[in-house]
Each structure stands twice: as structure tokens, then as C-alpha cells.
2 protein chains.
Amino acid sequence: MEIDLNHVVSSELEKNGGGGNGGCLSSSNSSCSSNSSTSPASSSIYKELWYACAGPLTSLPKKGNVVVYFPQGHLEQSASHSPFPPMEVTSFDLHPQILCKVMGAQLLANKDNDEVYTKLALLPLLELEVINLKGKEHEELGLDEGGVTPNKTPHMFCKTLTASDTSTHGGFSVPRRAAEDCFPPLDYKQQRPSQELVARDLHGVEWKFRHIYRGQPRRHLLTTGWSIFVSQKNLVSGDAVLFLRGESGELRLGIRRAVRPRNGLPDSILANQNYRNILSIVANAVSTKSSFHVSYSPRASHADFVVPYQKYITSITNQIPIGTRFKTKFDVDDSSERRCSGVVTGIRALDPYRWPNSKWRCLTVRWDEDGSSDHHEQVSPWEIDPSVSLPPLSIQSSPRLKKLRTPPNNPISGTNFPLNSCFL
Amino acid sequence: MEIDLNHVVSSELEKNGGGGNGGCLSSSNSSCSSNSSTSPASSSIYKELWYACAGPLTSLPKKGNVVVYFPQGHLEQSASHSPFPPMEVTSFDLHPQILCKVMGAQLLANKDNDEVYTKLALLPLLELEVINLKGKEHEELGLDEGGVTPNKTPHMFCKTLTASDTSTHGGFSVPRRAAEDCFPPLDYKQQRPSQELVARDLHGVEWKFRHIYRGQPRRHLLTTGWSIFVSQKNLVSGDAVLFLRGESGELRLGIRRAVRPRNGLPDSILANQNYRNILSIVANAVSTKSSFHVSYSPRASHADFVVPYQKYITSITNQIPIGTRFKTKFDVDDSSERRCSGVVTGIRALDPYRWPNSKWRCLTVRWDEDGSSDHHEQVSPWEIDPSVSLPPLSIQSSPRLKKLRTPPNNPISGTNFPLNSCFL
DNA sequence: ATGTGGGCCCTTAGCCGACAA
DNA sequence: TTGTCGGCTAAGGGCCCACAT
């Protein structure tokens with residue numbers, strides 16, 4: 001009997017028993033073993049590892065939270081190669097945004113490439129319930145967003161791999177502080193102190209490394225076992241590994257791949273999710289008042305199509321006139337993050353026929369740094385942070401803007417889209 | 001931009017242009033290249049290769065055929081680990097068998113493991129249309145089943161890999177007749193005649209091999225390039241490779257993996273196909289009179305849940321009393337096939353609550369050879385061939401039968417399930 | 001503090017014919 | 001006819017330090 005490692009990791013349950021072979025292909029001289037059934041570790045460490053792999057910016061709705069679900073975003077994620085659905089596909093009479101209650105959230109990891117993703121169970125709410133919600137406490141509305149991310153583990157590090165790290169020629173050069181923080185101390189009186197490290201990945205697979213302190217000047221290195229890890233995980237320079245030490249000293253390690261075109265949500269989710277299927281599933285759930293499942297990859301692209309209720313409301317309540325300057329975050333390494341800024345150049349519905357009045361990526365923006373051309377030029381109001389008090393740029397000063405047609409005159413505001421008509 | 005190789009191969013269209021990297025990981029010294037965009041070959045050779053990989057027993061319905069679709073079988077295939085759906089899932093008021101017209105059939109290959117599968121577009125038919133069908137010509141009813149399988153290519157061979165074939169120690173030992181049949185002739189006057197072979201797989205990826213005739217006694221071998229192919233395709237001893245020579249001499253090669261627990265339909269299809277999703281998609285298609293898609297892996301398990309109309313009718317029209325002896329086919333190697341036989345020991349619906357009166361695997365059987373315990377003990381009427389005129393075994397003679405409870409008294413017959421009530 | 005490269009050893013991939021089944 | 005083995009050679013994995021940034 002086989003157990004799908006895609007479903008071993010779960011923040012809700014303690015069922016970490018599943019073994020399988022976890023992609024460990026080495027047979028005899030194994031520096032990795034899949035002996036995860038003997039793992040006595042609590043699942044909390046996996047939860048922390050999951051969030052570490054997902055990056056510092058990831059925050060997920062908790063069970064019971066109220067969120068806004070955007071079918072458009074869901075469709076985009078599932079078929080990134082064809083931005084627009086075929087003409088004959090209608091919106092199944094679905095609203096562009098659907099208020100839902102989070103009935104469950106699973107933290108998962110792609111068996112093939114270790115990318116983290118989540119599976120949310122969403123229960124559509126009716127308009128009546130929306131009104132009732134207004135009197136509820138804030139927690140259910142997803143206001144405690146910051147609290148969802150677990151406290152950052154003190155003993156963890158994340159390093160972007162260099163060419164030397166991934167080459168077959170040598171091992172892995174461990175940053176000094178990282179080794180001192182996360183690894184058991186070595187006996188520095190010895191000539192070349194070394195020890196064996198054992199770390200588990202998100203699937204519970206054990207990886208063994210020889211940790212040695214040597215060289216002139218002295219440094220921490222991972223030698224034996226490292227190259228196997230690199231090849232098994234298909235790591236290349238630019239990807240990042242992260243180590244994490246739990247309370248009782250046990251090690252976890254995860255990977256955070258560099259942004260590549262294809263490293264988003266795994267095939268296992270994308271395939272067989274065509275437009276019609278997704279829409280019929282959601283439409284069915286709405287009409288039968290039953291929950292449906294949504295898979296979401298936090299590291300794939302900034303496509304938040306499941307947004308905390310309060311965050312959404314806040315983002316559309318404040319006016320965002322054209323020319324508004326804003327900032328937003330992109331994480332780069334360890335726990336640092338790069339801030340990008342830009343200016344709103346237009347407001348229009350992406351697909352006015354199928355999804356009229358949809359807020360999904362309704363803002364046309366221009367980024368300040370041209371190097372970041374990989375960012376979308378269409379973003380959603382809740383993705384940006386317009387609270388920056390910079391002087392709004394004159395639109396005429398930008399040559400690129402002259403190509404744009406006159407944006408329609410519908411600035412976003414809460415009054416234009418009262419709750420009573422927004423949802424369902 | 002990336003192209004999903006899962007969808008490159010298609011029997012219907014000529015759109016074989018898609019390149020991608022086809023899982024070819026070797027970088028510089030590549031014995032495989034993904035230069036499939038330059039392929040001038042017609043897609044018919046791919047069709048033949050697909051059928052060769054699928055095995056001699058595979059026959060698929062053609063576009064326009066009328067078939068019977070069984071949701072139960074579809075659900076089984078998608079979640080082979082949990083044989084029964086959770087209690088709260090109903091059948092969505094779907095009938096256990098749904099008459100459909102085949103609107104399209106794509107021949108596909110799993111990008112990860114090269115397993116062949118098909119994607120069928122099925123359009124549910126109404127009862128009225130069923131009645132009208134009775135006067136139609138036989139072709140549309142799927143009677144030309146045998147004709148669907150293309151004429152067997154004369155120049156092809158299939159060899160099950162030995163331990164030596166898959167070892168890193170050596171190359172691939174080519175059966176003599178195979179080499180003479182499929183490969184260009186060598187100059188046997190030379191001491192060690194050799195040549196370079198180039199073959200394309202289902203994804204259009206080129207593989208190059210050094211073909212040499214040497215040794216004492218002389219034999220045909222594939223040396224350089226072979227081990228890369230083995231490792232890239234993850235072949236192990238027991239798997240089979242097959243070579244195929246087209247009319248103009250170009251080579252194709254495919255693989256047929258040994259039956260393993262997990263080699264069925266790829267993850268890309270299985271995942272995210274839970275019971276509720278499938279049923280809501282099908283129910284939606286039935287109610288909106290639109291088509292839906294079904295993925296089916298012919299080599300995974302003998303779970304024919306899309307059955308030609310006539311085949312189904314024939315199978316349930318004839319009485320199958322308990323004790324009936326039957327034969328059935330299982331393919332083993334090349335184009336040979338092993339025949340298995342057994343006896344029908346009971347007839348009952350698998351899931352009487354959700355799918356009453358369903359014919360899906362309603363026969364309990366006992367196989368004659370005990371070694372074949374991997375076969376299902378529950379088969380569908382159309383999977384067996386009861387035309388064998390062996391004396392029916394006395395039920396009491398079997399010790400294993402004593403454990404069975406008395407089977408319900410509902411022998412299968414066409415009159416018990418008239419067409420008018422069977423479908424929708 | 002740590003990325004890269006040269007030196008060097010030794011494992012392993014991989015081609016060959018000798019055998020044997 | 002063809003599966004497996006021992007022999008042999010060459011390629012590269014992988015540990016070490018020097019050096020540079």
C-alpha cells in the first residue's frame with residue numbers, strides 16, 4: 001500500500017505516519033532514508049518548516065475565517081498558459097467574488113519538487129450570512145492575519161545556493177552563524193572536528209550530512225551526503241535551502257526554489273483543472289451549499305484569489321485614484337524582503353463580459369524598476385499598499401502611458417459595490 | 001513559454017510541433033534531444049507507437065461512437081486507494097451507467113513516466129436519442145471495435161529488459177531478429193560494424209544509440225546512449241522497450257513498464273479528482289447537455305468504464321448464471337497474450353445503496369490459477385468471455401466458495417434492465 | 001567570512017570478449 | 001541465441017587546501 005506523500009504533511013492532524021519512499025532513489029549507500037514512521041516529532045515543527053519554505057510573506061487564512069474567493073484567479077492559476085478562457089465558456093452565473101468560510105486548511109508539499117501549497121476547503125456563504133457577519137468579532141473576519149504565521153523559529157537559516165554549492169566538485173559552504181545557530185556545537189579544539197547531521201524534509205524523509213569544520217581559514221562545510229541531496233532535489237544555483245532546529249534539537253530542512261516559469265502549483269493540481277471543471281465544481285458547491293476545495297501555491301505567483309474578508313473590504317473601501325503611488329513586498333532571501341513600488345495607471349475590469357465589475361486584477365500599474373518586468377502589470381487592490389505618502393506622479397510625465405487608452409471612469413470605492421449586492 | 005508534453009501527442013490532430021525539453025536532462029553531451037519541432041513525420045507513426053505501448057489488447061472508441069460510461073469505474077480509477085467513497089457522498093442522482101457519444105479522443109502520454117492514456121470527450125445522450133439509435137447503422141454503435149486498432153506495424157519488436165540490460169555495467173542486447181527487422185542493415189564484412197541509431201519517443205524526443213555488432217559469438221548491442229535512456233526513463237529490469245520502424249525508415253521507441261502498484265494513471269490526472277468533483281462535473285454535463293472529459297489509462301488496471309455500446313448490450317443480454325466458466329485475456333510481451341480463465345461465483349451490486357442495479361463489476365469470480373491473485377475478484381460482464389463451452393464447475397466442489405454467503409437471486413439479463421430505464 | 005579553482009584519489013560508468021545456459 | 005561475468009580504461013565524483021574577494 002502506498003501513501004501519497006503529497007498528503008503527509010498536514011497542519012491540522014498529527015497523522016505524520018506515512019512513509020512511502022519519498023523520492024529517495026539511492027538504494028544501498030543511502031544518505032537519505034524514508035523512516036518517517038518512527039518520527040516522534042510533533043507536527044508543529046513541520047508547520048514551522050512549511051511556513052519557512054513558503055517565505056516570510058505568506059499568511060494563510062485559518063479554519064473558521066471568512067474569505068473572499070475569486071474564480072477568475074483560480075482559473076488563472078490553473079491554466080497559466082492561456083490567460084483567457086475559450087469564448088464559449090461562460091461564468092456559470094457565478095459572481096466574480098464569492099464569500100466563503102474556511103472549513104479546513106491543509107499544509108501540503110509537492111512530492112516531486114517540494115514546493116509548498118495548501119488545500120483549502122471553502123464553504124460558500126449566503127447573503128444573509130454576510131449581513132450577520134457584520135456584528136461578529138473580528139477574529140472570524142480574518143483580522144488576526146499576522147497571528148496566523150507562527151512565531152519565527154529562532155534557530156533557522158536560509159541560504160541561496162552558489163555555483164560551488166551545487167557543483168559536483170565540492171560540498172556546501174555553511175554560513176558561520178547558521179552553523180552555530182542550528183547545528184550541534186563541534187569540539188573546536190580538535191584539528192578537524194566533524195559530526196553527522198540528520199535532518200528531515202517536509203515529507204519526513206531523512207537526509208544525512210557530514211558536517212566538518214576545516215580549511216584555512218576555517219569554515220563550516222557539509223560534505224558527504226550533500227551532493228546526493230542536491231541531485232535528488234534537483235537543486236540548482238539560485239535555489240535556496242533552509243535549516244531549522246526544533247526545540248529538542250532535531251533538524252528539518254526545506255528548499256525554496258528560485259522563481260522559475262514552471263515552478264508554481266504542481267502538475268498534479270493543474271492538470272484536469274480546465275475552466276469548465278472548476279466552474280462547475282464551484283457552481284455546484286454554491287447551489288448545494290456544500291464546500292469545495294481549492295489548491296493554492298503561495299510561492300508560485302502573486303495571485304491571491306482567496307483573500308481575508310477584512311483585507312478585501314479595506315482594500316476596496318479606500319479610494320484608489322489613478323496616479324496613486326504604492327508599495328508592495330517581494331521576499332528575496334532568509335527573512336529579508338525587497339520592497340517594490342509603482343504607480344496606478346488605470347482601473348478596468350479584466351474581462352468585462354464574463355466578470356463585470358470584478359476587482360480581480362482590476363488595477364493597471366507601472367513598476368518603478370524596469371528590471372522587475374516579471375511582475376504583473378495588472379494587480380488586485382489588496383495586493384498593493386497605497387498608504388505611502390509620496391507625491392503622486394504626474395501621469396503625463398510617463399511616455400509609456402501615452403499608449404494607454406483612456407481608462408474608464410470607475411474609481412474603486414466601497415459604496416459602488418455595497419456588500420448586499422456584491423456576494424451571491 | 002512552456003508546452004505541456006502531456007498534450008503533444010494526439011491522434012486526431014497533426015499538431016506535433018510542441019517541443020519543450022521532454023524530461024531530457026543531459027545538457028551538453030546529449031544523446032537525447034528534444035528537437036521535435038523539426039519532425040516532418042506524420043502523426044500516424046505516433047498513433048502506431050501509442051497503440052504499441054498500450055499493448056495488443058487495447059482498443060479505443062472512435063469519435064462518433066456511442067459508449068456507456070460508468071461513474072463508479074471512473075471514481076475507482078481516480079482513487080484506487082479508497083475503494084469506497086465516503087458515506088456522505090451521494091451519487092448526485094446519477095445513473096450507474098450513462099450513455100454517451102464520443103466527441104473526441106486524444107492519445108496522450110504521461111510526461112513523467114511515458115505511460116499512455118487517453119482523454120475522451122463524452123456527450124451524454126438522452127433517452128430519446130437512445131431509442132433513435134436502435135435504427136442506426138452499426139458503425140456508430142462501436143461495432144467496428146477491431147478496426148480501431150491500426151494494422152500492426154510489421155517492423156516492430158518489444159523486449160522485456162533483463163538485469164544486464166538495465167545494469168550500468170553494460171548496454172542493451174538486441175534480439176537478432178529485432179535488429180534485422182527494425183534497424184538499418186550493417187556491413188557484416190567489417191570486423192565490428194556499427195552505426196548510430198536515432199529514435200523518437202512518444203513526446204518527440206530524440207534518442208541516439210550506438211548500434212554495434214560484435215562479440216564472440218556475434219550479437220547486436222546498443223552501447224553508447226543506452227544507459228542514459230535507461231536512467232532518464234527510470235527503467236528497471238522487467239520493464240519493456242519497443243522499437244518501431246516507420247515506412248520511410250525512421251525509428252520510434254516506447255516503453256511498457258512492468259505492472260507495478262503505482263504505474264497507472266499519472267498523478268497529474270488522479271490528484272484533485274475526488275469523488276465530489278468528478279460527480280459534480282458529470283452531473284453538470286448531464287444537466288446542461290454538454291460534454292465532459294474522461295482520462296483513461298489502458299495499461300493501469302482492467303477497469304473499462306467506457307464501454308462500446310454494443311459490447312455492453314451484448315454482455316448483459318446473454319444470461320450469465322452462477323457457475324459459468326469464462327476466459328479473458330491478459331497481454332504479456334511483444335504481441336503475445338496470456339489467457340486466463342475462471343468461474344463466476346456470484347452476482348451482486350458492488351454498492352447497492354448508491355448504485356443500485358449497477359452492472360459495474362457485479363460479477364464475483366474465482367480465477368483458476370492462484371498465481372494471478374492480482375486480478376480483481378469482481379469483474380464486469382463485458383470483461384469476460386463466457387462463450388467457452390466448458391462444463392460448468394460444480395459450485396460445491398470449491399472449498400473457497402463455502403465462505404461466501406448465498407448470492408442474491410438476480411441473474412443478469414437484458415429483460416431485467418430494459419434500455420428505457422437504464423439510461424438517464 | 002566565504003566563493004572559486006587546482007590537486008589528487010578513488011569510485012564507477014561503460015566497452016570488450018569469455019563463458020554458459 | 002543471449003544473459004552474466006571479469007577485465008580493463010577513462011571520466012568524473014568528491015575531499016582537501018590555497019587564494020581571492
Side-chain angles (χ1 to χ4, degrees), chain A residues 25-29 31 157-181 188 190-194 196 208-232 235-238 240-241 333-334, chain B residues 26-29 31 157-181 188 190-194 196 208-232 236-238 240-241 333-334:
Chain A
L25 298 179
S26 71
S27 50
S28 55
N29 186 14
S31 72
F157 77 94
C158 173
K159 183 197 177 188
T160 300
L161 299 180
T162 67
S164 299
D165 288 330
T166 53
S167 152
T168 60
H169 188 61
F172 173 69
S173 186
V174 188
R176 179 190 184 79
R177 286 193 185 173
E180 289 169 349
D181 251 25
Y188 293 108
Q190 295 181 27
Q191 177 79 13
R192 288 187 302 207
S194 70
E196 183 185 59
K208 292 175 182 164
F209 306 102
R210 181 172 140 95
H211 169 211
I212 192 170
Y213 185 70
R214 61 163 170 80
Q216 200 51 250
R218 317 271 268 192
R219 78 200 57 189
H220 292 270
L221 296 167
L222 297 188
T223 58
T224 308
W226 172 254
S227 67
I228 298 178
F229 177 74
V230 168
S231 65
Q232 296 271 326
L235 295 174
V236 297
S237 93
V241 294
D333 210 36
D334 216 328
Chain B
S26 71
S27 51
S28 56
N29 187 13
S31 71
F157 78 93
C158 174
K159 182 197 177 189
T160 300
L161 299 180
T162 67
S164 299
D165 288 330
T166 54
S167 154
T168 59
H169 188 62
F172 172 69
S173 187
V174 187
R176 180 191 184 79
R177 286 191 185 172
E180 289 170 349
D181 251 25
Y188 294 107
Q190 295 181 26
Q191 177 80 12
R192 287 187 303 210
S194 70
E196 184 185 59
K208 292 175 183 165
F209 304 103
R210 181 171 138 97
H211 168 210
I212 192 170
Y213 185 70
R214 62 163 171 82
Q216 201 52 251
R218 318 272 267 191
R219 84 215 36 204
H220 292 270
L221 296 167
L222 297 188
T223 58
T224 309
W226 171 253
S227 68
I228 297 178
F229 177 73
V230 168
S231 64
Q232 296 270 326
V236 297
S237 93
V241 294
D333 209 35
D334 218 328

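Computation of the quantities below employed the complete heavy-atom set of this structure, encompassing side-chain atoms and omitting hydrogens, waters and symmetry-equivalent molecules. Per chain, numbering begins at 1; letters A, B, ... match sequence-line order.
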### Message
Classify the ring geometry of B:H220 against B:Y213: parallel below 30°, tilted from 30° to 60°, perpendicular beyond 60°.
### Response
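Answer is tilted, since the angle falls between 30° and 60°.
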[X] side-chain N/O to [N] phosphate OP1/OP2 under 4.0 Å:
X: A:K159; N: C:dA1; value: no
X: B:T224; N: C:dC15; value: yes
X: A:T168; N: D:dG12; value: no

### Residue met sooner reading DNA chain D from 5', once B:T162 and A:L222 are mapped to nucleotides
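Mapping each residue to its closest nucleotide by heavy atoms, the 5'-most match is B:T162.
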### Message
Output one letter per nucleotide in nucleotides 16-21 of chain C: B when a protein non-hydrogen atom lies under 4.0 Å from the base, S when only the sugar-phosphate is that close, - when neither is.
### Response
BBBBB-
Starting from [atom2] on [N], measure out to [atom1] on [X] and report it in whole angstrom.
X: A:F209; N: D:dC15; atom1: CZ; atom2: P; value: 12 Å
X: A:D165; N: C:dT2; atom1: CG; atom2: C1'; value: 10 Å
X: A:R218; N: D:dC16; atom1: CZ; atom2: P; value: 12 Å
X: B:W226; N: D:dG3; atom1: CH2; atom2: C1'; value: 15 Å

Please give me the minimum heavy-atom distance between [X] and [Y], naming the atom from each residue.
X: B:T160; Y: B:G238; value: CG2-O, 3.4 Å
X: A:V236; Y: A:T166; value: C-CG2, 3.5 Å
X: A:S173; Y: A:P175; value: O-CD, 3.5 Å
X: A:E180; Y: A:Y188; value: CG-OH, 4.4 Å
X: A:T223; Y: A:I212; value: CG2-CG2, 4.0 Å

### Task
May I ask you to test the B:V241-B:W226 pair for a side-chain heavy-atom distance under 4.5 Å?
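Yes, side chains in contact.
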### Query
Quick check: does any side chain N or O of A:S231 sit under 3.5 Å from a backbone N or O of A:S227, one acting as donor and the other as acceptor?
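It does hold such a pair.
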#### Entry: Donor-acceptor pair, side chain of B:D165 and main chain of B:T162, under 3.5 angstrom
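Checked: pair present.
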### Query
Which is true for B:S167 with a 4.0 Å heavy-atom rule: it touches a base, it touches only sugar-phosphate, or it touches nothing?
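Nothing, no nucleic acid heavy atom in range.
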### Query
Is B:S164 touching bases, backbone alone, or none of the nucleic acid, heavy atoms closer than 4.0 Å?
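Result for B:S164 = base.
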#### Entry: Contact residues, residues 171-180 of chain B to DNA chain C [heavy atom, < 4.0 Å]
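Those residues: none at all.
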